[in-house]
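What follows is one structure encoded as structure tokens, with my remarks underneath.
As the structure is a computational prediction, the values presented were derived from the model and not from experiment. FYI, the numbering just counts along the sequence from 1.
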Amino acid sequence: MDEQALLGLNPNADARYRQRAMAYFEQLKESQDAWEVCADALAKGIYNDDHVKFFLFQVLEHQIKYRHDALSGPQQQLIRETLMKWLQGQLMNSQPEKPFIRNKAAQVFALTFVMEYLTLWPKFFFDILSLVGLNPNGVDVYLRTLMAIDAEVVDRDTLHSTEDTRRNTLIKDTMREQCIPNLVESWFQILQAYQQTQPEITCQCLEVVGSYVSWIDLNLIANDRFVNLLLSQMSVEELREEACDCLFEIVNKGMDPVDKTKLVESLCQVLQSAGFFHVEQEEDVDFLAKFSRLVNGMGQSLVLSWTKLVKAGDVKAANDTLQALEGKVPLLLQLLVHADDDISANIVAFCYDYLHVLKQAIMLAIMKKLTYDDEYNFDNEVSSCSENKSPFLPPTREYIRLTPELLDNLGHPWPTGLRSLSGNRRVAGSNPDRSWQTASFMEVEVAVRLVYMLGEALPASHGAHFTGDATKASVLQEMMRTLVSCGVSGYQHTSVSLEFFETVVRYEKFFLVEPHHIPLVLVAFLDQRGLRHGSPKVRSRVAYLFSRFVKTLHKHMNAFIEDILRQIQDLLELSPPENGFPALLTSDDQLFMFETAGILIVHGDGPAERKQGLMRSLLGPLMEAFGLLLDKLSRETEAERQAALGDCLSHAVGFASRTSKAFSNKQTVKHCGCTQVYRDCLQAFLPALGCPVQRGPLRSAVRSFLHRMIICLEEEVLPFVPAASEHMLKDCEAKDLQEFIPLISQITAKFKVQVSPFLQQVFMPLVVAIFEILGRPAEENDQTAALEKQMLRRSYFTFIQTIASSGMNEVMANQGAENIEKVLFTIIQGAVDFPDPIAQKTCFIVLSRLVELWGGEGGMVGFPDFIYKHIVPACFLAPLKPTFDLTDAQTILTLSECALTLKMIYNKRGPEFIQFLQQDYLPSLQVAPEITQELCQVLQQPDVKVFKNYIKVSANPLLI
């Protein structure tokens, strides 16, 4: 040995010696036989320096780990002899080696064991045990070697190659066959011999038992002799923490659930009789933390056993286990509320699992409550054909509110929770015998409903249940896959049919992930299970659900468009009152069907010609039937028949209008080649405006269609507007005008100068018609008439605002001076005289805009005089009205617009306006000079917010 190099192993050596020691170490590692000198030094105990001993073991470790297979037989024998001689030397030492030397020696022993146990050294443990006996120094190295072997062979946290894994498995199997019983016996002897005299060695042995118990035969440990010894050590202060950990590993060992329950119960009885359950009397928090972990393990083991027994159908054993589990709850609560955080944290997992058991029990009870009674009459239940979810029975609503809370946070138990619950109901589980066909409808319905309700427990943005958390998504995805493929949609009961389609549409995003299921569900929608079901309630609801399904998934339906349209063709026909046959769908349901057909046509991948042809095939029969029915209506004299025909005609217009909802900014009417189809619809529908009977419903329907066509056809609709307006202004009532004005406002805002000539022509007739109706006398207490007039007045002012805001002042300017003056006075009157803050606000917005347009240089002749004579007084007098309620939010907004109007006058007229206020108007009202001065100063501030705030604070200078 290079003694000079060995000096460098001392941590206090200088850099030169340390560098030489490193070089010497590398030399010994690479040499074929120089390591033998190190082995000889270890065997003979030549060196007393701890760092040199550690160095010698490192050299030996390198040879075993990296060059073992290259060593000759005698060299391998030399390693074994060296280790045993070194171990024999330990038995004779009065003092053991330092812990780091013993740990390194144990690692070398373990490496040698891994390399040679299966081939060269099968009696490894027998040799060591026969040598060390119960010598404390030898037992210490033996136990450390066992822990090092566990780290090399068993530890699951260590990554191993496939070859190493196979080797380790073979080692464990061989140990089980040859030596494990002897090792267990040695542990028992060590624990028994040293529990009073060598607590450190005893704790080491307990750690070994805890590490090995996971893969050896548990019966060797879980027997009266061994367990009683472990329990006795729970009473020894130096040993009880390690004894807790050892018992924890025993409890966690996989075994038969009935045997596990018996084991846990026997442990608990002994621990309780020994007083360990009196947590409040224990002062050692470190022990309590270990004890809390043990109780947690026992509780979780009981939960797992209960789950297995329930799944196996062993009711008695499951009840016994549940009773044992409930018996641990008081102890659980004592540990959970303990002041020490480590103690309470260690029991949380048991608490969570127990809550899950409670949830499952409550869930089973809820399922029973959610199940329909045999005698429930579905035929008499009120039909729910709207867009709302079909209502459940009132007595079950509270249970339904509770169910998402139970399903929430089920985590890993989902497959055995909801999925197995559904499986028990023979629907959503993987039952190859399709036993749902023979189950009662109550069982089948509640199973499907639970799948539906799972969505409440899985928060997902925009229904994206199948992305994000893979665990949640995969469970729900598997359930949906089974639901749509198991055939339960064919179950012949209304409740099951409804719940199936509700669930399919709730999880419509599932079909984006697995689109190959779409054809199967489409067939169910279209046949006797859905739209042709025997129940009107089911058909009605399915019509709406089908439209939702198609809206989301139309991109995956291109191959089926013509087939779908052909199959629903008879559902799209008008049902005239005289045919005498009850329709499968109501007119409200047909709205959804026409919208669905429109979506399929518009969003298909075909060329524009194909879309145009399909749309004409859809709307052509509608137009033809409309003409025939309109002719019949004009000749019909019976009031009831007139009403029925009028409704049918209105529905026809509504159906055509509904198809236009399919168009978008990308898929426009023009882009799809459907412009002429909708022009033809307009041509067919507009004659209804001149029909002398059923005028209200027909005008309302055609007016709504015009609203849609303004959006969809754009300028193509303009040729139809004059004739339509002429008809709608004839013999009209307040409600007719109130609904017509938004149409004109929409046209004005959209087309602006394009419709200026038309607006100039229709403006005064419309104004005259409005004020003719407003001037009609009405009963003083007729609230309906008063409200209609108020709404008409608001619509009128809004119309004027639209014209002014659209930059179309020529519409009003070209009406002649007398007519302009009349219109302006109506606006002044609306701003001041009518106690309607919404209308007043609109009027002030109009006045402000007119001042901006006509109040400056080059504006309308005579308008500045109108400003000073009428607009300015309106701004000051309106807030003086008793009905001007400053506690009302709309009134505050009106006051703000009033201030903006005054500010606009100042912007346009400048100092002239200030002079008018100071010298003429405000003095005429006897306003104090200081108030006048203050008002004018604030009005001249550049920031309009300053003046608005001033007006709001002072409400009105005249009041001051």
Between NZ of Lys172 and CG of Asp150, what distance do you get to the nearest 0.5 Å? 9.5 Å

Option passing side chain to side chain contact (heavy atoms under 4.5 Å, CB included) with Tyr142 (candidates Val208, Leu183, Asn137): Leu183

What distance do Leu294 atom CG and Met298 atom CE have between them, rounded to the nearest 0.5 Å? 4.0 Å

Applying salt bridge (charged side-chain N to carboxylate O under 4.0 Å, His left out) to Arg449 and Glu445, what does each step give before you reach the verdict? CA-CA 6 Å; Arg449 194 182 336 165; Glu445 189 276 340; 2.8 Å; yes

Indicate yes or no for a side-chain donor-acceptor contact from Asn223 to the backbone of Leu220 under 3.5 Å, with no hydrogens or angles considered. yes

Would you please indicate yes or no on a ring centroid separation below 6.0 angstrom for Phe226 and Trp187? no

Show, in sequence, the C-alpha distance, side-chain angles and deciding distance for Ile149 and Val154, and conclude whether the side chain to side chain contact (heavy atoms under 4.5 Å, CB included) test is met. CA-CA 8 Å; Ile149 290 172; Val154 181; over 6 Å; no

Salt bridge flag under 4.0 Å for residues Lys253 and Glu249: no

Using 0.5 Å steps for rounding, measure from the CD atom of Glu499 to the CG atom of Leu450. 9.0 Å

Main-chain N/O of Ser235 paired to Arg240 side chain as donor or acceptor, under 3.5 Å: no

Indicate yes or no: at least one non-hydrogen side-chain atom of Gln90 is less than 4.5 angstrom from one of Val132. no

Residue Gln323 excluded, over 12 heavy atoms near CD under 6.0 Å: no

Any chance you could measure Gln192, atom CD, to Gln233, atom CD, to the nearest 0.5 Å? 9.5 Å

So, Thr112 and Tyr117: side-chain donor and acceptor under 3.5 Å apart, yes or no? no

Those residues at least two apart in sequence (or on a different chain) that pass salt bridge (charged side-chain N to carboxylate O under 4.0 Å, His left out) with Arg144 are Asp140

For Glu280, does the CD atom have more than 12 heavy-atom neighbours from other residues, nucleotides or ligands under 6.0 Å away? yes

What's the shortest heavy-atom distance between His160 and Asp164, and which atoms? CB-CB, 4.0 Å

Would you please indicate if the ring centroids of Phe113 and Phe125 are separated by under 6.0 Å? yes

Ring-plane angle category for Tyr66 and His62, please: parallel below 30°, perpendicular beyond 60°, tilted otherwise. tilted

Could you pull out the closest heavy-atom pair between Thr145 and Ala106, with the gap in Å? N-CB, 3.6 Å

Run the side chain to side chain contact (heavy atoms under 4.5 Å, CB included) test on Leu267 and Ile250 for me, step by step, so that the C-alpha distance in whole Å, both residues' side-chain angles and the decisive distance to 0.1 Å come before the verdict. CA-CA 11 Å; Leu267 286 176; Ile250 293 173; 5.5 Å; no

Nearest heavy-atom approach of Arg167 to Val114 is CZ-CG1, 3.3 Å

Heavy-atom closest contact (Met84 atom, Asp127 atom, distance): CE-O, 3.7 Å

Would you confirm whether Tyr212, through its side chain, and Glu207, through its main-chain N or O, come within 3.5 Å as a donor-acceptor pair? no

Would you indicate whether the side-chain heavy atoms of Asp340 and Leu288 approach each other to under 4.5 Å? no

Assess whether a salt bridge exists between Asp256 and Lys260, defined as any Lys/Arg side-chain N lying under 4.0 Å from an Asp/Glu carboxylate O. no

Classify the ring geometry between Trp86 and Phe57 as parallel (under 30°), tilted (30 to 60°) or perpendicular (over 60°). perpendicular

Pairs where residues 289-304 contributes a residue and the test side-chain hydrogen bond (donor to acceptor under 3.5 Å, both in side chains) is met, not counting sequence neighbours: Asp245-Lys290, Asp245-Arg293, Asn296-Gln300, Gln300-Asp353

Which distance, rounded to the nearest 0.5 Å, do you find between the CG of Leu325 and the CG of Asp320? 12.5 Å

So Leu218 and Asp259, do their side chains get closer than 4.5 Å, heavy atoms only? no

Worked check of side chain to side chain contact (heavy atoms under 4.5 Å, CB included) between Leu322 and Leu309: CA-CA 10 Å; Leu322 185 60; Leu309 291 167; over 6 Å; no

Side chain to side chain, Asp217 and Ile180, heavy atoms closer than 4.5 Å: no

Have Glu185 and Gln189 got a donor and an acceptor in their side chains that come within less than 3.5 Å? yes

Between atom CZ of Phe287 and atom CG of Leu239, what is the distance when rounded to the nearest 0.5 Å? 11.5 Å

By salt bridge (charged side-chain N to carboxylate O under 4.0 Å, His left out), Glu265 pairs with (sequence neighbours left out) Lys328

Under 3.5 Å, is there a donor-acceptor pair between the side chain of Tyr507 and the main chain of Val451? yes

Taking C-beta and beyond as the side chain, do Gln58 and Phe54 meet within less than 4.5 Å on heavy atoms? yes

Would you say the side-chain atoms of Asn135 pair up with the backbone N or O of Leu91, donor to acceptor, closer than 3.5 Å? yes

Would a 4.5 Å heavy-atom cut-off, applied to side chains only, mark Val295 and Leu332 as touching? no

Taking side chain to side chain contact (heavy atoms under 4.5 Å, CB included) as the criterion, tell me which of Lys65, Glu116, His68 meets it with Leu111. Lys65

Okay, side chain of Lys53, backbone of Glu97: is any donor-acceptor separation there less than 3.5 Å? no

Step through the shown structure and confirm whether more than 12 heavy atoms of other residues, nucleotides or ligands are within 6.0 Å of CZ on Arg176. yes

Do Thr261 and Thr321 have side-chain atoms, one donor and one acceptor, less than 3.5 Å apart? yes

Apply the test side chain to side chain contact (heavy atoms under 4.5 Å, CB included) to residues Ser232 and Gln195: give CA-CA distance (whole Å), side-chain angles for both, the deciding distance (0.1 Å), then the verdict. CA-CA 10 Å; Ser232 70; Gln195 62 179 342; 4.0 Å; yes

List the atom of Ser186, the atom of Leu129, and the distance in Å for their closest heavy-atom pair. CB-CD2, 3.8 Å

Of all heavy-atom pairs between Ala110 and Ala148, which one has the smallest distance, and what is that distance? CB-CB, 3.6 Å

Would you mind reporting whether Ile128 and Phe109 have side-chain heavy atoms less than 4.5 Å apart? yes

Could you tell me whether the side chain of Phe124 reaches within less than 4.5 Å of the side chain of Gln178, counting heavy atoms only? no

